[in-house]
Each structure stands twice: as C-alpha cells, then as structure tokens.
Amino acid sequence: MKKLWDFGWGMYKKYEEGINYLIFGFLAFALNLVLYYLFFEVLSLHYLVATGLSWALTVVFAYWTNRTFVFKSKNQDMKALFEEFVSFFGARVATELLEMALMFLMVGCANLDEYISKFVCQVIVIVANYFLSKLWIFKEKK
C-alpha cells in the first residue's frame, strides 16, 4: 500500500500544476454551470445575460484558485498584484467574448441546445484559459 501511495504522490508532484488546474478548472466549470442554471432557469434571464453573470462570479473564483493553488504566484507587492489581476481579467474577458460569440452562433443561429452548447463552450474556454495563464499571466519572471 505504501508503494502505491508513494507512486501516486510522486505522480501528483510531477504533474501538480496540470492536476491542480484540472481540479480547480472542474470546480470553476461546475460553478459556472450551476450559476448559469440559476440565472437562466430560476431567474429566467436571457441565455446571454445568464452566461455573462455566471462568468463574472466564476472569474473571481478562478483568479484566486489559479493564483493560489495552480500557478502559486509569488507576487506580493500591490503593483505586481494589480498587473497580475488586470492581465487575468483581460484574458478572461477575451475568452468570455469568445464564449458569448460561440453561444450566439450555437444557440441563436444554429438553434442547438443551450446546455450542450454551454458544455462545448466551457471546454474550449478552459483550454484557452490554461494556455493564457501559463504562458502570459502567471509566467515566472526571470
């Protein structure tokens, strides 16, 4: 049993960033879907409004988890934190615009199911956000 634990722990440590991104990405994904459901079904908001509101609340969660648990940012001074957050927010705005456009095309134009469309959009957005975070926002400063 100890060997299995050691193997599992070793694999986790080797791929920690990717595993943590998947875990917290899944949590952000789930949060986004739950919020979308609440805004769309419970509050009867338009699907684009529900998408925007679910994004706004999810992005705060995503920043905190990405900064703290995934990329383990060491930025402490206010200027660096501000730049990091603005970069994160800007990247998320870009991927949200992508999601809104895709939702419009899939739901508004192609009349596809809102939830299937939302799922497809979220997968695309999660992948794009990882690469933006890894290569631009939380890139180690040399």
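Just so you know, these numbers use all the heavy atoms, side chains as well, and skip hydrogens, waters and symmetry mates.
- No more than 12 heavy-atom neighbours from other residues, nucleotides or ligands sit within 6.0 angstrom of CZ on F104.
- Counting only heavy atoms from C-beta outward, the side chains of I124 and L98 approach each other to under 4.5 Å.
- Atom CE of M103 and atom SG of C121 lie 5.5 Å apart (nearest 0.5 Å).
- Listed here is the closest heavy atom pair of I137 and S87: CD1-O, 3.7 Å.
- Nearest heavy atom pair, residue A28 against residue F61, reads N-CE2, 3.7 Å.
- Contact check for R92 versus S133: side-chain heavy atoms found under the 4.5 Å cut-off.
- Between F69 and W64, the angle of the ring planes goes over 60°, which puts this pair in the perpendicular group of the 30/60° scheme.
- Here the closest non-hydrogen pair linking N129 and A91 is OD1-O, 4.3 Å.
- Between the side chains of Y12 and N20, at least one donor-acceptor pair of N or O atoms lies under 3.5 Å.
- Taking the six-membered ring for Trp and the full ring otherwise, the centers of Y63 and F89 sit at least 6.0 Å from each other.
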May I have the step-by-step check of side chain to side chain contact (heavy atoms under 4.5 Å, CB included) for Q76 and L81, ending in yes or no? CA-CA 6 Å; Q76 295 298 322; L81 284 171; 5.7 Å; no
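- Applying the side chain to side chain donor-acceptor pair (under 3.5 Å) test to pairs two or more places apart or on separate chains, those with a residue in residues 103-120 are N32-K118, E41-Y115, E99-K118.
- The line from NE2 of H46 to CZ of F40 is 8.5 Å long, rounded to the nearest 0.5 Å.
- Rounding to the nearest 0.5 Å places OG1 of T95 at 15.5 Å from OH of Y130.
- If you chain together hydrophobic residues whose side chains sit under 4.5 Å apart, L22 and F24 never meet in one group.
- Here K72 pairs with E16 in a salt bridge; the nearest charged N to carboxylate O distance falls below 4.0 Å.
- Annotation for A50 and F39: closest pair CB-CB, 3.7 Å, computed over non-hydrogen atoms.
- No chain of hydrophobic side-chain contacts below 4.5 Å, direct or via other Ile, Leu, Val, Met, Phe, Trp or Tyr residues, connects M106 to F119.
- Classified by interplanar angle (parallel below 30°, tilted 30° to 60°, perpendicular above 60°), the ring pair F26/F29 is tilted.
- Distance CE/M78 to CD/E83: 11.5 Å, rounded to 0.5 Å.
- Linking Ile, Leu, Val, Met, Phe, Trp and Tyr whenever their side-chain heavy atoms come within less than 4.5 Å leaves L35 and V120 in two separate clusters.
- Cluster annotation: L48 is not connected to L102 through the hydrophobic network of ILVMFWY side chains, with a link wherever side-chain heavy atoms come within less than 4.5 Å.
- Apart from V125 itself, the hydrophobic cluster it occupies contains nothing, where clustering links Ile, Leu, Val, Met, Phe, Trp and Tyr at side-chain heavy-atom distances under 4.5 Å.
- Side-chain contact check for F138 versus N66: some heavy-atom pair is nearer than 4.5 Å.
- Residues L112 and I116 have side chains not in contact (no heavy-atom distance under 4.5 Å, counting atoms from C-beta outward).
- When every heavy atom of A80 is checked against every heavy atom of D77, the shortest pair comes out as N-OD2, 3.1 Å.
- Hydrophobic clustering places Y37 together with M100 (ILVMFWY residues linked when any side-chain heavy atoms are closer than 4.5 Å, directly or through intermediates).
- For the pair Y36 and T51, the tightest heavy-atom approach, listed with the atom from each and the gap, is CE1-OG1, 3.3 Å.
- Rounded to the nearest 0.5 Å, atoms CG (L57) and CG (L38) are 10.5 Å apart.
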